[in-house]
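Before any comments, here is the structure.
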Protein chains: 4
Amino acid sequence: MTPSRPMRADARRNRARILAAAEEVFAEHGASASTEEVAARAGVAIGTVFRHFPAKRDLLAAIMKDLRRRLIDKAEALIANGDPKTAFFDYFTYLVESSAKIGTVVNLLAEEGPSIEPGEQIMALTHAFGTLMDAAREAGAVRPDVRPDEVIALLTATTHGAMAAGWSDDLRRRTVNLVLDGLRPH
Amino acid sequence: MTPSRPMRADARRNRARILAAAEEVFAEHGASASTEEVAARAGVAIGTVFRHFPAKRDLLAAIMKDLRRRLIDKAEALIANGDPKTAFFDYFTYLVESSAKIGTVVNLLAEEGPSIEPGEQIMALTHAFGTLMDAAREAGAVRPDVRPDEVIALLTATTHGAMAAGWSDDLRRRTVNLVLDGLRPH
Amino acid sequence: MTPSRPMRADARRNRARILAAAEEVFAEHGASASTEEVAARAGVAIGTVFRHFPAKRDLLAAIMKDLRRRLIDKAEALIANGDPKTAFFDYFTYLVESSAKIGTVVNLLAEEGPSIEPGEQIMALTHAFGTLMDAAREAGAVRPDVRPDEVIALLTATTHGAMAAGWSDDLRRRTVNLVLDGLRPH
Amino acid sequence: MTPSRPMRADARRNRARILAAAEEVFAEHGASASTEEVAARAGVAIGTVFRHFPAKRDLLAAIMKDLRRRLIDKAEALIANGDPKTAFFDYFTYLVESSAKIGTVVNLLAEEGPSIEPGEQIMALTHAFGTLMDAAREAGAVRPDVRPDEVIALLTATTHGAMAAGWSDDLRRRTVNLVLDGLRPH
DNA sequence: TATGAATGAGCTTTCATTCAT
DNA sequence: CATGAATGAAAGCTCATTCAT
């Protein structure tokens, strides 16, 4: 937006520290955690947080963006290097595994009012997911009659469930396998 | 002292109105909705809410109890009258369908700190669910190798997902079918 | 005021129970104790308390009146039967001893705004006290140069101190003796 | 983190104004006065009061600490410069004179639950008082048989009485003299 | 009369946000 | 830019008082 000048080094450093701190704090105490707590964890003053993120929801949104970025990167890596037969299943599993953070934040966003910037990132994520799924289908590893939106719904659900209900590692593994089993051709 | 005579008529009426209002308000705005809003919706003064539910978490807990009661009733009706082959699937579907309310509340309770009264109700619910599932398995309608906790996990996940993500009716139906398909013998 | 009819028996009984309960409760938790707590202790409903004492301050005032009544009775008994040489000192000591209740209430009244009905009772009390003191002076047991208001001030002070500071029985006895010593002729 | 640099100028100014306002307000209306009233009197917003004193009892405690500090300073000044024969009596009188504030607060603290920080300050105060009293005794100005705790009890009592009962200046002077007379050798 | 549910002003406290330093 | 003190709008909760039962 503002072309202005590139961020000063210390400013960029602070921004990153705040994001990292926020991810931790919100994962621990929920979105109702105070911004002050985030500032403290990041080792900056409260004013600094608000300079970088004019409102709390901006901070939440930025965390989401960050998380999505990482998920997209992971997907693209799998698209480039993975075995089509397994890459899709690996990715699905990976998403659920890393859902502790994501899920928490997602959940909390729900409280902050719906739809914080769906935007192009979501599309990129959806697209990458679709690519992996298509590849798996062509390789005969996924039932041909399941539709992408259903699978994404399943993923969302499993992800939410995994964190909200506090499943044990074992239960989560078995449940994910059950879900994935349902996607394989009989 | 006095052997706690039955609640006065107006008190019982108000209690019910508050519960109904709270269910609506929390479903709409999340658990962070104010108790004042609940009072307004119920058409009573704030003090009345606190007379019936001394703390906000008591109100949340009461809503949960009410919802669970209804779910248990439904299960028992199906156990008594349903066709073993389909009752389990019907119940699963019913639970997800009615999850808009349930899910929201469940979610929010998670934030209120862990474990608001796990209690016997949960056990009754789990037991009823297990009974339906066993009947379906014996009738050959469910894979013999899936375990109850996995299925409950799946249910939780689908339920959470359904409401948190705001699925369309159509998508929800297809997703639930996909899940249930995975539970049927191949 | 209202000549009306004499109080019904149960009403009079309730009034007494409320007063007794209030004395206890306020002595324990201070004047900030809730009227509801008083009602509970008395075994009546809150409405009953307010029927007898239209406002909280009326309840406080009634307690005071009761206490003063007992103090006056005690003084009159000593005037009638006591030894002039010792009656005054006994009374002074008695007042301090029984000050736990009085003191608390007096203190708390201070918070309720100044001067809850000084009235004729105070005069009666002052007069009785003066009578005992005069008798002691005439018997040569009290310095002739101390004035009544000073001694009453001293009494007030000792009384307050005794309860506010939570003196031990031993300390209270020694302090009272020290004070009384100062009143005796050298 | 940061080695707690000195308070910002405006913060220090506000802290002082809040303390001053609180002393006034609580002296006037008792400890039940609202924090809001204190904020208004100090000319700051309610949040500022709570930034400086996270809970109401912290504010009360701070006032006490301030008062005690002043009393200790006065005692030490008298120890350093006063005439042993009179310093003790002057101090006793000074304490009672300034008791309007002290007494009120002391009283109110009593309601806030027992013992807000007894701590070293109390010991310092007690010690200073004892020093003055010893000096007076050695100078032959105080009876050798009175014990320090009795005198402190007397002081407490007189102090409480002075403010609770609203003695006139004249009455207070005469009463204090009467008390002090009792402490002198016959 | 007694009951106890309802009222609603008011209290303490929290926290997102602003702005002087 | 960073700091952190100040702001003030809620929020949860209490309690004296009223009034339908």
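Lettering of chains follows the sequences in order, A, B, ..., and the numbering in each one begins at 1.
A:Val25 and A:Ala33 get closest at one heavy-atom pair: CG1-CB, 3.5 Å. Taking both residues in full, the closest heavy atoms of B:Ser32 and B:His29 are given as OG-O, 3.7 Å, listed atom of the first, atom of the second, then distance.
Not one side-chain nitrogen or oxygen of A:Asn14 sits closer than 4.0 Å to the OP1 or OP2 atom of F:dC1. Considering only side-chain N and O atoms, C:Arg51 lies nowhere under 4.0 angstrom from the phosphate OP1 or OP2 of E:dT1. Residue D:His52 places at least one side-chain N or O under 4.0 Å from the OP1 or OP2 atom of F:dA6. The side chain of B:Thr48 places an N or O atom within less than 4.0 Å of a non-bridging phosphate oxygen (OP1 or OP2) of E:dT7.
In the set F:dC1, F:dA6, E:dT3, F:dC1 carries the atom at the smallest distance from any side-chain atom of A:Ala11.
Every pair passing salt bridge (charged side-chain N to carboxylate O under 4.0 Å, His left out) that includes a residue from residues 29-40 of chain B is listed here, sequence neighbours excluded: B:Glu37-B:Arg41.
At least one side-chain heavy atom of A:Phe26 sits less than 4.5 Å from a side-chain heavy atom of A:Val38. D:Lys65 places none of its side-chain heavy atoms less than 4.5 Å from the side chain of D:Arg69.
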Side-chain donor-acceptor contacts of residues 12-21 of chain C below 3.5 Å, not counting sequence neighbours, with atom names and distances?
| unit_1 | atom_1 | unit_2 | atom_2 | d |
| --- | --- | --- | --- | --- |
| C:Arg12 | NH1 | C:Met7 | O | 3.3 |
| C:Arg17 | NE | C:Ala42 | O | 3.4 |
| C:Arg17 | NH2 | C:Ala42 | O | 3.1 |

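Distance check, rounded to the nearest 0.5 Å: CD1 of D:Ile63 to CG of D:Leu60 gives 6.0 Å.
Comparing C:Arg12 and B:Val44, the nucleotide of DNA chain E nearest to each residue sits closer to the 5' end for C:Arg12.
For DNA chain F, runs of at least 3 consecutive pairs of the Watson-Crick or G-U wobble type, with both hydrogen-bonding distances under 3.5 angstrom, map to E:2-21 with F:2-21.
With sequence neighbours left out, the side-chain contact (heavy atoms from CB on, under 4.5 Å) criterion links C:Ala55 to C:Arg57, C:Asp58.
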Checklist entry - How does protein contact run along nucleotides 13-21 of chain E, one letter per nucleotide 5' to 3', with B for base contact, S for sugar-phosphate only, - for none, heavy atoms under 4.0 Å? => result BB-SBB---
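Here E:dT1 presents its C1' atom at 15 Å from CZ of C:Arg15, a figure rounded to the nearest Å.
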